[in-house]
Amino acid sequence: MHAFDVLGDPVRRRILELLAGGERAAGDVGAAVQEEFGITQSAVSQHLKVLRSNGFVQVRPEGTRRVYAVAPDPLQEIDAWLDHFRRFWEPHLDALATELARGKRERRLEAEGG
């Protein structure tokens, strides 16, 4: 399965967002996703399986629990692919930063009475 096919599903994206904050037990992930999307624990397990089998998450046993964490390699591959396209938005962000700095400078000068 292609990385964008994996990430194309909103449930799987949400699971990754939850795990971006740090490791979480499968039950915690399941409870959050079930509440947000109204799906069963079995469906959550299937999404975790897709993420795991495609290398997006790692799992380790901790007693009776299974603890999940983000695996960085597939995300780094996506980031590398996106490098081909960064030129479309980075100049715009640089220009925005310049305008924000200019506005701050102008406000500061006005506040100083100049």
Side-chain angles (χ1 to χ4, degrees):
M1 186 177 282
H2 190 275
F4 288 109
D5 293 327
V6 173
L7 297 178
D9 186 280
V11 173
R12 292 192 286 266
R13 285 195 311 269
R14 181 63 180 133
I15 291 171
L16 285 174
E17 288 170 358
L18 291 168
L19 295 175
E23 290 185 328
R24 292 184 74 160
D28 294 340
V29 172
V33 172
Q34 284 177 277
E35 183 177 321
E36 288 180 40
F37 290 91
I39 61 176
T40 65
Q41 177 59 42
S42 176
V44 175
S45 294
Q46 287 301 312
H47 285 292
L48 284 167
K49 180 180 177 182
V50 169
L51 289 167
R52 189 176 61 246
S53 66
N54 286 280
F56 282 87
V57 298
Q58 301 167 335
V59 62
R60 66 177 176 79
E62 187 177 271
T64 59
R65 303 179 327 154
R66 296 176 63 81
V67 179
Y68 284 83
V70 171
D73 290 345
L75 297 173
Q76 291 169 342
E77 291 172 17
I78 291 170
D79 187 56
W81 184 83
L82 286 171
D83 271 342
H84 301 288
F85 305 97
R86 287 191 204 289
R87 65 184 171 91
F88 293 110
W89 65 80
E90 283 186 348
H92 301 292
L93 293 177
D94 291 343
L96 175 61
T98 300
E99 288 303 314
L100 291 172
R102 183 177 293 140
K104 285 181 185 177
R105 181 177 178 270
E106 289 173 1
R107 284 191 299 279
R108 189 185 74 236
L109 290 173
E110 287 175 6
E112 292 173 357

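Both backbone and side-chain heavy atoms feed into the values below; hydrogens, waters and symmetry mates do not. Keep in mind that what you see is a predicted model, and the values were worked out from it rather than measured.
Using a 30° and 60° split on the angle between ring planes, Trp81 and Phe85 fall in the tilted class, from 30° to 60°.
Closest non-hydrogen pair, Val57 versus Leu16, comes out as CG1-CD2, 3.9 Å. A pairwise comparison of heavy atoms in Gln58 and Val70 identifies OE1-O, 4.2 Å as the closest pair. The nearest pair of heavy atoms linking Thr40 to Gln34 is C-NE2, 3.7 Å. Between Ala3 and Ile78, the shortest heavy-atom contact is CB-CD1, 3.7 Å. What you find for Gln41 and Gly30 is that their closest heavy atoms are OE1-CA, 3.7 Å. Contact record, Gly55 with Ala71: O-CB, 3.1 Å, taken as the closest heavy-atom pair.
Heavy-atom contacts from other residues, nucleotides or ligands closer than 6.0 Å to CD of Glu35 number 12 or fewer.
In this view, Asp9 and Val11, Arg12, His47 satisfy the side-chain contact (heavy atoms from CB on, under 4.5 Å) rule, not counting sequence neighbours.
A salt bridge between Arg102 and Glu99 is present, with a side-chain N of the basic residue lying under 4.0 Å from a carboxylate O of the acidic one.
Within the structure, every pair that satisfies the side chain to side chain donor-acceptor pair (under 3.5 Å) test and touches residues 16-32, not counting sequence neighbours, is listed here: Arg14-Glu17, Glu23-Arg60.
Side-chain N or O atoms of Arg13 include one that pairs as donor or acceptor with a backbone N or O of Leu7 at under 3.5 Å.
Hydrophobic cluster membership is shared by Leu48 and Val59, with clusters built from Ile, Leu, Val, Met, Phe, Trp and Tyr side chains linked at under 4.5 angstrom. One hydrophobic cluster, built from ILVMFWY side chains closer than 4.5 Å, cannot hold both Leu51 and Val67; they sit in different ones.
With a 4.5 Å cut-off on side-chain heavy atoms, Phe56 and Val50 do not count as touching.
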Q: Test salt bridge (Lys or Arg N to Asp or Glu O under 4.0 Å) on Glu112 and Arg108 and set out the steps.
A: CA-CA 6 Å; Glu112 292 173 357; Arg108 189 185 74 236; 3.8 Å; yes
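To the nearest 0.5 Å, atom NZ of residue Lys104 and atom CZ of residue Arg107 are 7.5 Å apart.
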